[in-house]
Each structure stands twice: as structure tokens, then as C-alpha cells.
> 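Sending over a structure as C-alpha cells; questions will come in a sec.
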Amino acid sequence: MNIVIRSTFIHFVILLSLIFISASKLWADPPPAYEGRRLYVSYCQLCHGTGGKGDGPLAVSMDLNPADLTTTVRSRSDTILTKIITGRGGQTITGRVRHNLLSDAMPEWENLFDESQIKSLIAYLRFMSTTKFKLQGDPKAGMQLYQKYCHVCHGVEGDGDGIMIDLIGIAPMDHTNPNETNALSNKDIVKSILDGKGRFMPAWRGILTQSDAEALVSYIRLLAH
Ligand code: HEC
Ligand code: HEC
């Protein structure tokens, strides 16, 4: 009796761990620029503004204008941006102290962000300073819809490597490749989502609304950075 119960229990544990493994494998970490945007909204936009132009609500009451990140970030290396954000080390190539480059009106976030969060923030700053497309829809809603409806073909990571591609012999668009997604306007992508494309990209009208499609576009834009 005891043995039976124990072996049933062991089966139960194995089953549970299998479910757990497959569930945890199904979802990748959010893409860096997506995570970076989340951090930016909480920590940076008060000064730098939602679009990064340096026009956040706190800017008016500051002596020094928060930088327009859409123009300054382009000329900064990742190393310098990391130093600017964390306040760690000299912030110029010659290693001089930070105030040779920035005043202390820009907070130092030394112990707040870990390495991967800093990389994410930089990915979003790069997205913001290069993209010509507006994020119209809410990327968070977009991510949830993508994980529900799109990953089977476009892949958990969005790179076009979904579980269904061999099954039906297709090569869906790689949403992590900006050369592919930047060729399409927001309107083009919304249209392809709602009306379908080619033989195997389904039309989602009826399942998804215009604003669902716009949310997906925002997520796809961030996936490519
Ligand atoms: C309290 C307001 C404030 C907040 C919050 C803030 N900044 Fe700044 N930031 C500034 C100011 C002011 C400057 C310009 C400093 C100067 O020119 O000396 C600046 C400059 C910068 C620069 C340098 C631009 C350049 O290349 O010249 C970067 C990069 C930057 N901020 C990123 C961020 C990031 C990322 C966050 C959020 C984690 C953030 N800032 C949060 C006020 C702020
Ligand atoms: C059954 C597989 C499948 C599913 C599910 C799927 N796609 Fe696609 N998708 C494709 C294929 C195949 C293509 C390439 C179509 C072509 O160019 O012929 C594609 C292309 C695209 C394109 C590029 C369209 C263009 O104009 O070139 C976008 C954007 C896209 N898909 C978004 C999505 C989104 C968002 C979802 C989830 C709501 C989704 N797809 C779900 C298979 C799929």
C-alpha cells in the first residue's frame, strides 16, 4: 500500500516538473528594448520626456535642461552610456571625472540596475534615437497577444522559428530583424495582421481589434532592438 502511494506520488512529482519545464521553456525573457522601455518609463521619463526629447514634466523646474536623448545618444558608445547611467568611473574616453561631461543634475543610478537592466536601458535609448516609427499601441498588451497568437509560427523570441514552421513548411517574417520590420510602416503591419498576408499569415480580423493590432506593432518594433 505504502509503495503504491509512494510511486504514485513520484509519478505526480515527475509530471509536475515536466509541466513546469515545458511552461518555463515556452516563454523567453522579454526583449531588451521592451524591458528597457519599462525601466525608462519608471526612472527616466519624468525628466527626459516620453519621447526622450528632454521635455519631461520635471524639466521646467530644472536649471539645466535634461538632454535630448534622441540626438545625443547616437554619438555615445555603450561603455560611455553605461558610465553615464551608473555614474561609475570617468565618463569620457580619456577617463576624466563625470563633471567634465555631465553636471550632477543627471542622477547616478549606481546600485539600482544590474548589468542586464543597463543593457536593456541602452537598447531602448538606441531604439528611441533611431526609430522613425511611433509606438502607438501598448507594448505590454502587444506582448501578451504575441505570446498567445503569434509565437507558434513567429517563434517565442520572434525570430521566425516557431513550432509550426516545419509542419506547414513556411518561413514567417523574422520580427527581430530591423531591416525587415523597418521596411513596413505601422499602417502596413496593422493591415497585414488584420487582413493576413500570403498563404500562411492568417487574417486576425474578428479575433483582434484595430487597437490589439496597434499594440502588436509596438511590441514588434521593440522586438527588433
Ligand atoms: C532628475 C532628472 C533626470 C532623471 C530622472 C534622469 N536624467 Fe538623464 N539627464 C538629466 C540631465 C539634467 C542631463 C544633462 C546633464 C548635463 O548636461 O550635464 C541628463 C543627461 C543624460 C544623458 C547624457 C546625454 C548625453 O549624451 O549628453 C543620458 C544618456 C541620460 N541622461 C540618461 C538617463 C537615463 C537612462 C535615465 C533613467 C535611468 C535618466 N537619464 C534619468 C536629468 C535626468
Ligand atoms: C500560421 C502561422 C502564422 C501565425 C500564427 C502568424 N503568422 Fe505572421 N506570418 C506568417 C507567414 C508565413 C508570414 C510571411 C507571409 C508572406 O510574406 O507571404 C508572416 C508575416 C507576418 C508579417 C509581415 C507582413 C508583411 O506585410 O510582410 C507580420 C507583421 C506578421 N506576420 C505578424 C504576425 C502577428 C502579429 C501574428 C499574431 C497575431 C502572426 N503574424 C501570426 C505566419 C504566421
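All of these numbers come straight from a predicted model, not from anything done at the bench. Every number for a ligand or one of its atoms is a count from 1 in the order of the listing.
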> With a 4.5 Å limit on heavy-atom distance, are the side chains of Ser129 and Leu69 in contact?
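No, too far: nothing below the 4.5 Å cut-off.
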> Tell me the nearest of Trp204, Phe200, Tyr219 to atom 12 (C) of ligand 2, using heavy-atom distances.
Phe200
> Could you tell me whether Leu184 approaches ligand 2 through its side chain, its backbone, both or neither, with non-hydrogen atoms closer than 4.0 Å?
side chain
> In terms of hydrophobic clusters joined by side-chain contacts under 4.5 Å, are Met201 and Ile168 together?
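No, Met201 does not connect to Ile168 through the hydrophobic network.
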> Taking backbone and side chain together, does Cys44 place any N/O/S atom at a distance below 2.8 Å from atom 8 (Fe) of ligand 1?
no
> Please report the interatomic distance NZ(Lys53) to CG(Asp68), rounded to the nearest 0.5 Å.
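Here the interatomic distance stands at 5.0 Å.
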> So between Cys150, Ser185, Pro172, whose heavy atom ends up nearest atom 11 (C) of ligand 2?
Pro172
> For ligand 2, which atoms have a heavy atom of Ile193 less than 4.0 angstrom away?
35 (C)
> Between the side chain of Arg38 and the main-chain N/O of Tyr34, is any donor-acceptor distance below 3.5 Å?
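No, because the side chain of Arg38 does not come within donor-acceptor range (under 3.5 Å) of the backbone of Tyr34.
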> Nearest protein heavy atom to atom 10 (C) of ligand 2, by residue and atom, and its distance?
Met201 CB, 3.5 Å
> Quick one: nearest non-hydrogen protein atom to atom 25 (C) of ligand 2, plus distance?
Ser192 OG, 3.4 Å
> So, is Trp109 polar-close to ligand 1, with some N/O to N/O distance under 3.5 Å?
no
> Got Trp109 and Ile85 here, is their nearest side-chain heavy-atom distance under 4.5 Å?
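The answer is yes; the side chains approach within 4.5 Å.
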> Decide whether the shortest distance between a heavy atom of Arg199 and an atom of ligand 2 is less than 4.0 Å.
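Arg199 does not count as a contact of ligand 2 under the 4.0 Å cut-off.
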> Answer yes or no: does an N/O atom from Arg76 fall short of 3.5 Å to an N/O atom of ligand 1?
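Checking ligand 1 against Arg76, an N or O pair does fall under 3.5 Å apart.
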> Pull out every atom of ligand 1 sitting under 4.0 Å from any heavy atom of Leu81, numbered as shown with elements.
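Checking each atom against Leu81, I get 29 (C).
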> Applying a heavy-atom cut-off of 4.0 Å, say which part of Pro202 lies close to ligand 2: side chain, backbone, both or neither.
side chain
> For atom 33 (C) of ligand 1, tell me which residue out of Met62, Lys83, Arg74, Met106 has the closest non-hydrogen atom.
Met106
> Under 4.0 Å from a heavy atom of Ile189: which atoms of ligand 2 are those, numbered in the order shown and with their elements?
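In order of number, 29 (C).
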> Just by modelled atom types, is the Lys140 backbone N or O under 3.5 Å from a matching donor or acceptor in the Asp138 side chain?
yes
> Hey, is Leu46 touching ligand 1 through its side chain, its backbone, both or neither, going by heavy atoms under 4.0 Å?
neither
> Nearest to atom 28 (C) of ligand 2, what protein heavy atom do you find, and at what distance?
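For atom 28 (C) of ligand 2, the nearest protein heavy atom comes out as His175 NE2, 3.4 Å.
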> Side chain or backbone of Lys191 under 4.0 Å from ligand 2, or both, or neither, by non-hydrogen atoms?
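Within the 4.0 Å criterion, Lys191 makes no contact with ligand 2.
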> Side-chain contact test, heavy atoms from C-beta onward, threshold under 4.5 Å: evaluate it for Leu121 versus Cys44 and give yes or no.
yes
> Kindly assign one of parallel, tilted or perpendicular to the pair His154 and His175, based on the angle between their ring planes and the thresholds 30° and 60°.
parallel
> By atom name, which N, O or S atom belonging to His154 lies closest to atom 8 (Fe) of ligand 2?
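The closest N, O or S atom of His154 to atom 8 (Fe) of ligand 2 is NE2.
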> Between Ser75 and ligand 1, find which residue part has any heavy-atom pair under 4.0 Å and reply side chain, backbone, both or neither.
neither
> With atoms numbered from 1 as shown, which atoms in ligand 1 lie under 4.0 angstrom from a non-hydrogen atom of Tyr43?
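Counting atoms of ligand 1 from 1, those under 4.0 Å from Tyr43 are 5 (C), 37 (C), 38 (C), 41 (C).
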> Please examine the side chains of Val217 and Phe133, heavy atoms only from C-beta on, and report whether any two atoms are closer than 4.5 Å.
no
> At what distance is the nearest protein heavy atom to atom 1 (C) of ligand 2, and which residue and atom is it?
Cys153 SG, 2.8 Å
> Relative to the heavy atoms of Gly198, which atoms of ligand 2 are at a distance of less than 4.0 Å?
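Those atoms are 18 (O).
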> Answer with side chain, backbone, both or neither: which part of Leu69 has a heavy atom less than 4.0 angstrom from an atom of ligand 1?
side chain
> Under 30°, 30 to 60°, or over 60°: which ring-plane class applies to His225 and Phe127, parallel, tilted or perpendicular?
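Rings of His225 and Phe127: perpendicular, as their planes differ by over 60°.
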> With no hydrogens and no angle check, just 3.5 Å: does a side-chain donor-acceptor pair link Glu214 and Asn186?
no
> Apply salt bridge (charged side-chain N to carboxylate O under 4.0 Å, His left out) to residues Arg126 and Asp78 and explain how you reach the verdict.
CA-CA 10 Å; Arg126 299 242 178 264; Asp78 283 11; 2.7 Å; yes
> Can you figure out which of Ile85, Thr72, Thr82, Val73 has its heavy atom closest to atom 24 (C) of ligand 1?
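Nearest option to atom 24 (C) of ligand 1, by heavy atoms: Thr72.
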> Could you tell me if the side chain of Met173 sits less than 4.5 Å from the side chain of Leu184, heavy atoms only?
yes
> Between atom OH of Tyr149 and atom CD1 of Ile207, what is the distance when rounded to the nearest 0.5 Å?
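It is 6.0 Å, given to the nearest 0.5 Å.
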> Could you pull out, from His151, Met173, Lys197, Met164, the option with a heavy atom nearest to atom 22 (C) of ligand 2?
Met173
> Can we call the ring centroids of Tyr43 and Phe113 under 6.0 Å apart?
yes
